[in-house]
Amino acid sequence: MGLDFSTQQLKAVVINCKLEVLHEEAIKFDDLTKYKTSGGCHVRSDGLTVTSPVIMWVEALDILLEKMKGAGVDFSNIKALSGAGQQHGSVYWKDGAAVKLKNLDSTKTLKEQLSGCFSVDDSPIWMDSSTTKQCKQLEAVVGGAQAMADITGSRAYERFTVTQILKLIQTNPDAYKATERISLVSSFGATLFRGAYCNIDESDASGMNLMNIRSRKWEKTVIDACSKDLASKLEDPVPSITVQGAVSQYYVDRYGFNPDCEVVCFTGDNPASLAGMRLADDDIAVSLGSSDVLFLWLREPIARTEGHVFVNPVDTSAYMALLCFKNGSLTREAVRDEHCSKSWDNFVKLMADEPVGNNGFIGLYYTIAEIIPSNVEGCYYFDADDNPVNSLTASQHARAVIEGQFLSRRIHAEDMGFKFGENSRILATGGASNNMTILQVMSNVFGASVYTQDVANSASLGGAMLAMHAVKVTADNISYQERLKDGPEFKLAATPQAGSKEIYDIMAARCRSLEGRVVSDNAAL
Ligand code: ADP
Ligand code: XUL
């Protein structure tokens, strides 16, 4: 079984040894209306602080397992489970939580028993951008942004976990003091199933600005700059396919799990997607979920001050490169809701009213503070001569948001060394990869063929596949790629349309300079 504690929902998938999907389930957090989340989170009044109630994730697991049991899933057949979590988010377990976790009562829900177990009720998540001060502070300690990237794989980013932990230490020292363990969303998921604290895996640990990506150890200078006791509140990083031990007796008694079912480390949603898509060397994965994320397999950890290098979850000696754009699906939805009567059907019909290239109009949409380019906010429209315009028609908006997003993804990916070409395969996943019109624009802008998998939730699928690999590999030493070679195939979804390359090559160059203008205008504000 593979789970995915993602931004907007908790998902699960059950597969068999032939890699066939037996069952899929999802619980949308916004459907748990009492938590009043939108898109699974709360954006605070400063517009920068973004959190999710940790107990909502716990309750979603209660509901998910009940639903699966009701649907006839036979948990006694599950040999192993693993999963994914939205990256960077953190969970703060209060003193005494380990004892509660160890003694879970199977007649009660997890929510009933764990509600008092968190020293911070609202977990900071990846959409948070409130820690610029802490980023600067920690970069200064290690010798600057590039030095931080060389050590941890990324310059200090607001959403990266250690900057969030430092903010807690500085603004709410009592809560930090009352914390016995800090989990990532991923290791929190594993901990719930294990009934004991689970390790943070090396791949998701790479999204903390805290682990040395070569030695795979916590970086002492960064630890000491936060608090000398921080390491004692963290479970050490281990390879992503580490078996943590059997599932808690709670799940055996309440849901009929096999007592020998192994819990394998959970990892970040993007590393898990890399596993679920069985990414090969020349592939570029594009995940169109709440965020838009591009990633690829990397042999050597060459880190820059834009983008990230993470430890590879599948091959622990390798790495992965990743670019994350915060204005993904939620921004497309905002345009759909404002200009296209809240319907994807209308959205694609309106897009079709405008030609490839939108007659030169370019739109850059940052409805929330962006990660790339850093901290830019607002929506900006330009005509074919690069003059700013105040508004666009509904059909121009529908086309502009998609073209603008993929043009920007292309220029930043090329800057980081991603190479798009006729031979590269773009593997698309995430909610918006269901939309063929969007995939066609992506193919045109990148000038490469786009493929999709039947299973849209590559992160939960990757979790299930990593679980299967982890419990077998010590006995047979077969590589991940070899074991999973018969996994769900990719199907061709779109190829570049004739003439589009010429149009988008010119627009990509324009987009680069317009984005630069928007960045400097934002900085001047
Ligand atoms: P996450 O895992 O981050 O919660 P998903 O990968 O499940 O996100 O994607 C959810 C998003 O998919 C929604 O925000 C929605 O906007 C988008 N989505 C779903 N169907 C479509 C569609 N047909 N066209 C465009 N976007 C879609
Ligand atoms: C990656 C990132 C997001 C989250 C949520 O760095 O911040 O993709 O993992 O999906």
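Atoms within each ligand, like the ligands themselves, are counted from 1 in listed order.
Side chains of Y380 and N522: a donor on one and an acceptor on the other come within 3.5 Å. With no hydrogens or angles considered, a side-chain donor-acceptor pair links E219 and N212 at under 3.5 Å.
Heavy-atom proximity to C324, at under 4.0 Å, picks out these atoms of ligand 2: 1 (C), 2 (C), 3 (C), 6 (O), 7 (O), 8 (O). Residue H88 approaches ligand 2 through these ligand atoms, each under 4.0 Å from one of its heavy atoms: 1 (C), 2 (C), 6 (O), 7 (O). Heavy-atom contacts of Q87 reach the following atoms of ligand 2: 1 (C), 4 (C), 9 (O) (cutoff under 4.0 Å). Shown in contact with L322 at under 4.0 Å from a heavy atom are these atoms of ligand 2, numbered in order with element: 6 (O). Listed by number with element, the atoms of ligand 2 under 4.0 angstrom from any heavy atom of W126 are 3 (C), 4 (C), 5 (C), 7 (O). Within the listing of ligand 2, atoms 8 (O) sit less than 4.0 angstrom from a heavy atom of V293.
Looking at atom 7 (O) of ligand 2, its nearest protein heavy atom turns out to be R159 NE, 2.9 Å. Looking only at protein heavy atoms, the nearest one to atom 3 (C) of ligand 2 is S291 OG, 3.5 Å.
Protein neighbours of ligand 1 below 4.0 Å, counting non-hydrogen atoms: S6, T7, Q8, Q9, K11, G289, S290, S329, E333, W344, G430, G431, A432, N435, I438.
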Stepwise salt bridge (Lys or Arg N to Asp or Glu O under 4.0 Å) test for R332 and D292 = CA-CA 11 Å; R332 290 186 282 276; D292 282 355; 2.8 Å; yes
key: salt bridge (Lys or Arg N to Asp or Glu O under 4.0 Å) evaluation trace for K36 with D30   = CA-CA 7 Å; K36 299 190 169 74; D30 290 357; over 6 Å; no
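A cation-pi arrangement is present between R409 and F325 under the rule of less than 6.0 angstrom and at most 45 degrees off the ring axis. For the pair R155 and Y157, the cation sits on the ring face: its NZ or CZ lies under 6.0 Å from the ring centre, inside 45° of the axis. For the pair R425 and Y451, the cation-pi test (distance below 6.0 Å, angle within 45°) is passed.
An N or O contact shorter than 3.5 Å is missing between Q86 and ligand 2 by distance. For ligand 2, the polar-atom distance check against D269 finds a nitrogen or oxygen pair separated by under 3.5 Å. For T7, no nitrogen or oxygen atom sits less than 3.5 Å from a nitrogen or oxygen atom of ligand 2, counting backbone and side chain alike.
Panel note: side chain S408, backbone G404; no donor-acceptor pair is recorded below 3.5 Å. A side-chain donor-acceptor contact under 3.5 Å links T163 to the backbone of F160.
Salt-bridge annotation for E202 and R216: present, with a side-chain N of the basic residue lying under 4.0 Å from a carboxylate O of the acidic one.
Evaluation of the salt bridge (Lys or Arg N to Asp or Glu O under 4.0 Å) test over residues 434-445, restricted to residues two or more places apart or in two chains, returns none.
Ligand 2 is never approached by I371 to a heavy-atom distance shorter than 4.0 Å.
Taking the six-membered ring where the residue is Trp, H308 and F310 present parallel rings, their angle staying beneath 30° rather than reaching 60°.
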